[in-house]
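One structure below.
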Amino acid sequence: MRTLKSNPTLQQKVSSSVNNIRRSATGALVLQLKKGVDNASALGEELGRVLGAAATASALQHTSVIEIKDLDECVTKEEITTALDALLGVPVSKRDPVKSLRKAYAGTHVAVVALPDDLAATALKLGHIRVG
């Protein structure tokens, strides 16, 4: 917090974007951004650069969990991630979206995938995904 207050350019960026500053249950400092702020990732990168090894900065997003059913029995998490990258046109592989892959009936599998709300809505509108 002292580093943040001592850097005037960073303080100006934070004051224009941040709605509230609080501590989490684990003791981490949480900066809650105002609604409609579109530079959250740039702000996180700037904070990470200024704070260096003393702290880490990351942006949290609302996520939705969807199930992908009727998958082949030999499908892998990597294949599902690659198919989602191609379908959505956005690299989701950095987020490790496939949370679980389990057996279902008749030799099929079900994948549980966590995506940001906007990407999950896009995937649901498309209706189905071809894997492999």
Self-check item: Check against side-chain contact (heavy atoms from CB on, under 4.5 Å), Glu79 and Thr82
Solution: CA-CA 5 Å; Glu79 289 175 333; Thr82 303; 5.7 Å; no

Quiz item: Should the pair Arg102-Glu67 be classified as a salt bridge under the 4.0 Å nitrogen-to-oxygen rule?
Solution: yes

Exercise. Indicate the atoms forming the closest heavy-atom contact of Leu101 with His109, along with that distance.
Key: CD1-CB, 4.1 Å

Quiz item: Quick one: does Thr108's side chain have a donor or acceptor within less than 3.5 Å of a partner on Ala104's backbone?
Solution: no

Self-check item: Hphob cluster co-occupancy, Val65 + Leu124, side-chain heavy atoms under 4.5 angstrom
Solution: no

Quiz item: Any link between Val75 and Leu115 through a network of hydrophobic side chains (Ile, Leu, Val, Met, Phe, Trp, Tyr) touching at under 4.5 Å?
Solution: yes

Quiz prompt | Partner of Pro97 by side-chain contact (heavy atoms from CB on, under 4.5 Å), out of Val112, Asp85, Thr81, Ile80 | solution = Thr81

Practice problem: Verify the cluster assignment for Ile68 and Leu87: are they in a single hydrophobic cluster under the rule of side-chain heavy atoms below 4.5 Å apart? | Solution: yes

Exercise. For Lys69, look at atom NZ and say whether over 12 heavy atoms of other residues, nucleotides or ligands are found less than 6.0 Å away.
Key: no

Quiz item: Are any of the side-chain heavy atoms of Ile129 and Val131 separated by less than 4.5 Å?
Solution: yes

Quiz item: Residues two or more places apart in sequence or in another chain: which of them pass salt bridge (Lys or Arg N to Asp or Glu O under 4.0 Å) with Arg130?
Solution: none

Quiz item: Any chain of hydrophobic side-chain contacts (each under 4.5 Å) joining Ile66 to Val110?
Solution: no

